[in-house]
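Worksheet: one structure, shown below.
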Amino acid sequence: MDKFIIKGPTPLKGTIPISGSKNAALPIMAAALLADDVVTITNIPRLKDIYTFNNVIRVLGAKVDFDEDQNKITIDPTTVGHLEAPYDLVRKMRASFYMLGALVGKHGSAKVSLPGGCAWGPRPVDLHLKGMEAMGIDISLEKGYVIAKADETLKGGKFRLEPSSVGATVNLLLASVLKAEEFVIENAAREPDVVQLCRVLTQMGADIEGIGTDTLRIRKVDSLSGAEISNDPDRIELGTFMIAGAMIPGSDLTLTGGNPEHLGEFTNKLRKTGARIEVEEDTIRVKAPDQLKPVSIKAEIYPGFPTDLQAQWATMLTQAEGDSKVTDNVYFDRFSYVPELVRLGGELDVEKNTVHISGKTPLTGASVMSTDLRASVSLVLAAMAAENTTEVLRIYHLDRGYESLEKKLNAVGAHLKRVDD
Ligand code: UD1
């Protein structure tokens, strides 16, 4: 299993290009299965999750060609014939559960494994299933699989998501666009990934009203055409590197090809730490302040502070002078990174869904390990700010969600070495 050996502290200076978004790509790759023709998507990152998703799509019978040099995927959905996503693939990645909406939405039948456990607490799919039932889809559970069946046309209806869920909104959109006479999703997720999916579906011919709002009204169309789509940049990668630029003393980072508007209230919060941020179109420059100020945040659904950036933020706050808090109101126990940061010298204490941070504490290298994607990248941030050498174990999590991480960071002055353990 690969690990990183990281030497710190190193100021980060230079330019990092932002890759295409993983979480935005997966829904549109699933949407491609609804089309009657070939769909091509550019700005697709070379990530393990994308390769896994390609395999899920191939198992169904679709043809997938990933031109890695061009970051371009071509999906031919016309050969799909096997309407089942097996446990082996779904357990590797929760987003494979999007196959449920895509298959039942296009073919009227699907058998998809329940996603199973995950590293940061229970992540149910009850809303996906109840929403589909409200639409008129017949749902049953059998030996860990969800079996969905739908008539050619469904009456539809109305379903309120409580809480608002990205995954459930995506699955209900995929299931309804070709099937439901009229289906209304209330309290729908408004995350940029969902907005992009709605736009793509509309480009393919779908009828969706209320895009970008929390009420989506979907009316059935008879077919969806192929399309050429450019995927959004990765907002979480952008936010992670913005934190790196603010956190590590002496840093001056320029991030190109990103979209800070997709980060909700994040950028303004980062300004409050004293970080100097200049935005010009898709170029964002972040300069570290002489001394970071402690700025507490609460992760909320979009446009609130993204839960996928709270671990990185708490890591940065170990270097701010004073006490602060990070609360996660989306996922209540997403704090597996905390004991590892404590091993590096941080003073952090978890109470319910809040971590209390006392700064500033010097960080010193140690061996650390993490159990999920965002926790892992937080340990990389901490290691770049720490004295001496830090070993970050189990970096396969990072390969799921950060394209060429060590290449990008080493190009701006970091010292990351990948070693096969
Ligand atoms: C997606 C993102 C993930 C991000 C999360 C929140 C992908 C592949 N993953 O995950 O990186 O952290 O959004 O922005 O895009 N819930 C239920 N029942 C359900 C579904 C969700 O109670 O059926 C709850 C969850 O427990 C959570 C909240 O809804 O408290 C939001 O979760 P959701 O938006 O569904 O997250 P994901 O789509 O799984």
Side-chain angles (χ1 to χ4, degrees), residues 20-31 45 47-50 52-53 56 90-101 112 114-134 139 141 146 159-175 185 187-197 214 231-232 234-237 239-240 262-266 298-313 327-337 353 372-378 397-398 400-402:
S21 164
K22 164 177 87 73
N23 286 357
L26 301 173
I28 51 178
M29 289 166 67
L47 294 172
K48 211 144 119 214
D49 274 5
I50 298 289
T52 305
F53 210 68
V56 178
V90 179
R91 78 181 162 81
K92 284 191 186 149
M93 200 179 64
R94 277 177 59 83
S96 312
F97 202 61
Y98 291 159
M99 290 308 126
L100 190 67
V112 176
L114 282 164
C118 108
W120 28 287
R123 293 174 75 189
V125 288
D126 56 320
L127 295 171
H128 303 229
L129 304 183
K130 285 183 190 146
M132 286 190 198
E133 281 178 328
I139 299 282
L141 298 181
V146 179
F159 188 71
R160 184 174 177 78
L161 295 172
E162 206 60 72
S164 173
S165 151
V166 172
T169 307
V170 169
N171 241 336
L172 293 177
L173 278 161
L174 295 171
I185 309 173
N187 203 23
R190 288 181 292 150
E191 267 74 358
D193 309 344
V194 172
V195 174
Q196 172 173 271
L197 172 65
D214 65 0
N231 182 35
D232 279 346
D234 196 310
R235 64 196 186 108
I236 304 302
E237 188 196 27
T240 301
H262 285 174
L263 282 170
E265 65 172 41
F266 170 87
K298 285 185 184 155
E300 307 276 2
I301 58 165
Y302 188 81
F305 191 99
T307 170
D308 284 350
L309 286 169
Q310 64 91 345
Q312 299 89 313
W313 192 270
T327 300
D328 197 327
N329 285 333
V330 180
Y331 285 104
F332 296 143
D333 51 5
R334 208 178 175 183
F335 298 108
S336 68
Y337 61 89
N353 61 331
D372 76 58
L373 171 58
R374 308 302 169 190
S376 298
V377 84
S378 303
H397 292 295
L398 288 167
R400 286 189 40 219
Y402 287 89

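Counting convention: from 1, in listed order, for ligands and their atoms alike. On a predicted model such as this, the values are computed, not experimentally measured, just so you know.
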Closest to [atom] among [options] (heavy-atom distance):
atom: atom 9 (N) of ligand 1; options: D126, N23, L373, D49; result: N23
atom: atom 32 (O) of ligand 1; options: Y302, F97, Y331; result: Y331
atom: atom 24 (C) of ligand 1; options: P163, S21, G304; result: P163

Should you measure from each heavy atom of [X], which atoms of ligand 1 turn up under 4.0 Å away?
X: R94; result: 39 (O)
X: G167; result: 35 (O), 38 (O)
X: V166; result: 13 (O), 33 (P), 34 (O), 35 (O), 38 (O)
X: R334; result: 12 (O)
X: T307; result: 6 (C), 12 (O), 14 (O)
X: D308; result: 3 (C), 4 (C), 11 (O), 12 (O)

Judging by distance only, is a nitrogen or oxygen of [X] under 3.5 angstrom from one on ligand 1?
X: A95; answer: no
X: K22; answer: no
X: V330; answer: yes
X: D193; answer: no

Any heavy-atom pair between the side chains of [Y] and [X] that's under 4.5 Å?
X: Q310; Y: F335; value: yes
X: Y402; Y: T240; value: yes
X: I301; Y: P163; value: no
X: M99; Y: F53; value: yes
X: T169; Y: R190; value: no
X: L309; Y: R235; value: no

Flag yes if more than 12 heavy atoms outside K298 fall under 6.0 Å of its NZ atom; otherwise flag no. no

How would you list, by chain and number, every residue that makes a side chain to side chain donor-acceptor pair (under 3.5 Å) with S376, sequence neighbours excluded? S370

Nearest-0.5 Å distance, CG of residue N231 to CD1 of residue I28: 4.5 Å

Taking side-chain contact (heavy atoms from CB on, under 4.5 Å) as the definition, give me every residue that meets it alongside A168, ordered by chain and number, with sequence neighbours left out. L127, H128, L161, S165

Going by heavy atoms, is P124 under 4.0 Å from ligand 1? yes

With a 4.0 Å cut-off on heavy atoms, is A168 in contact with ligand 1? no

